[in-house]
Amino acid sequence: MRALAALTLLGCAPAHGEAEVWRFAIEETAGSVQHTYATRLAERVEERTGGAVRVVVYPYGALGTSDQITEQLYMDTLELATSSPGHLGKLIAEVQVFLIPFALAERSSTNARALADPALRAFLDALYAEKGLAFLAAFGEGPMAWTTRRPVRRPEDFEGVRMRVMTSPLSLAAFEAYGARPTPLPYGEVYSALQLRMIDGQVNPVFAIEEMSFYEVADVLTFPHDAEFVTTLAASPRWLARLSPARRRMLEDVVAELQGEIHEVQARLNADRLATIRARRPALEVVDLTPEERAPFRARARAVRALYVERVGPRGAALLEHLDRAIAQAEADAPSPPAPPNERRAP
Ligand code: 6CS
């Protein structure tokens with residue numbers, strides 16, 4: 001794997017017989033939502049090209065951190081990668097819209113429809129193009145959950161709690177507004193930082209909390225119902241331009257199919273992994289914030305929304321409007337009944 005990574009960093013496509021190789025780096029480990037997405041994409045591309053294209057999937061770390069794989073896209077030394085706003089926000093400030101607490105819907109199914117909205121996608125497309133990236137898709141990976149050493153039910157409970165956040169500045173601002181002491185770190189450094197007590201908690205969807213073993217170094221897992229983890233699929237624009245029209249259409253078709261499937265994948269993975277965590281650590285307290293408990297967090301999130309507009313500027317405000325509209329439309333298309341208590345508990 002290391003030799004392959006070295007070849008890739010030099011921009012040389014590894015040989016697999018005569019097949020053309022597309023390298024796809026993800027920000028998560030094998031078995032994750034992104035890994036399922038990437039392996040499905042790989043299978044379909046290989047099948048539809050009769051094996052003429054082979055997609056090699058590189059899990060987290062194989063080609064570097066989230067920032068490093070994004071950089072490889074615009075250097076044109078990598079074809080495809082997942083680029084999450086939690087890290088990409090340093091390069092494209094506007095995508096931090098997905099990090100504003102309570103900006104997305106509480107239900108992942110609503111977010112899944114909103115993220116497929118053509119106007120929202122077109123806006124993102126232009127922003128990525130400006131920064132030397134090609135935007136292909138945005139999708140949710142499930143509700144965010146906090147893992148902490150002690151219960152956090154009110155903003156006051158966050159006092160002095162060093163929460164690891166992703167590296168985009170708005171994640172930091174959000175947890176500052178919540179009253180915590182946010183600490184940005186790359187994904188791969190979180191477990192040891194928790195173990196060494198350099199940080200007290202972190203925030204991620206349940207499947208990630210299981211795959212990265214964060215639940216082992218926590219006493220409480222809280223569902224605040226304030227945000228969903230959103231990622232994007234990005235590509236090297238120069239590579240895309242080199243694809244034949246037929247190959248490009250085939251890729252777009254596969255991406256469109258996956259847009260419709262990935263919501264079910266994340267829902268199943270998150271539910272299964274919560275069961276695994278509960279079975280492995282029965283002592284872990286699982287807390288579901290009530291609507292009343294969420295209210296003070298929601299109130300503090302208003303300042304984060306205002307800060308986003310202030311810091312990111314008119315294009316950020318326009319993207320936020322697009323997102324609000326897409327969510328309202330998704331709600332109108334399929335109004336959601338109040339979530340039953342059991343569904344609120346299992347993301
Ligand atoms: O917390 C993070 O940094 C990472 N979390 C997930 C669920 N995916 C990738 C991201 O880098």
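Read the numbers this way: they start at 1 and go in the same order the structure lists the ligands and their atoms.
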Heavy-atom pairs closer than 4.0 Å: do any link ligand 1 to the side chain of Met212, the backbone, both, or neither? neither
Does ligand 1 have any atom that is closer than 4.0 Å to a heavy atom of Gln202? no
Is the closest side-chain donor-acceptor distance between Thr82 and Thr231 under 3.5 Å? no
Can a donor-acceptor pair be found between the side chains of Glu210 and Thr276 at a distance below 3.5 Å? no
With heavy atoms under 4.0 Å as the rule, classify the contact between Met166 and ligand 1 as side chain, backbone, both or neither. side chain
Looking only at heavy atoms of Gly86, does any of them come nearer than 4.0 Å to an atom of ligand 1? no
Donor-acceptor pair between Tyr187 and Asn204 side chains, under 3.5 angstrom: no
Hydrophobic cluster identity match, Leu104 and Leu307, side-chain contacts under 4.5 Å: no
Mind checking whether Ser84 has an N or O less than 3.5 Å away from an N or O of ligand 1? no
Is there a donor in the side chain of Gln72 and an acceptor in the side chain of Thr77, or the other way round, less than 3.5 Å apart? no
Identify, for atom 8 (N) of ligand 1, the protein heavy atom at the shortest distance, and state residue, atom and that distance. Glu28 OE2, 2.7 Å
Top protein contact for atom 5 (N) of ligand 1, by heavy-atom distance: Asn204 OD1, 2.9 Å
Quick one: nearest non-hydrogen protein atom to atom 10 (C) of ligand 1, plus distance? Phe229 CZ, 3.7 Å
is_close_aromatic(Phe24, Trp239), centroid dist under 6.0 Å: no
Quick test: of every protein heavy atom, which one is nearest to atom 1 (O) of ligand 1, and how far off is it to 0.1 Å? Arg164 NH1, 2.7 Å
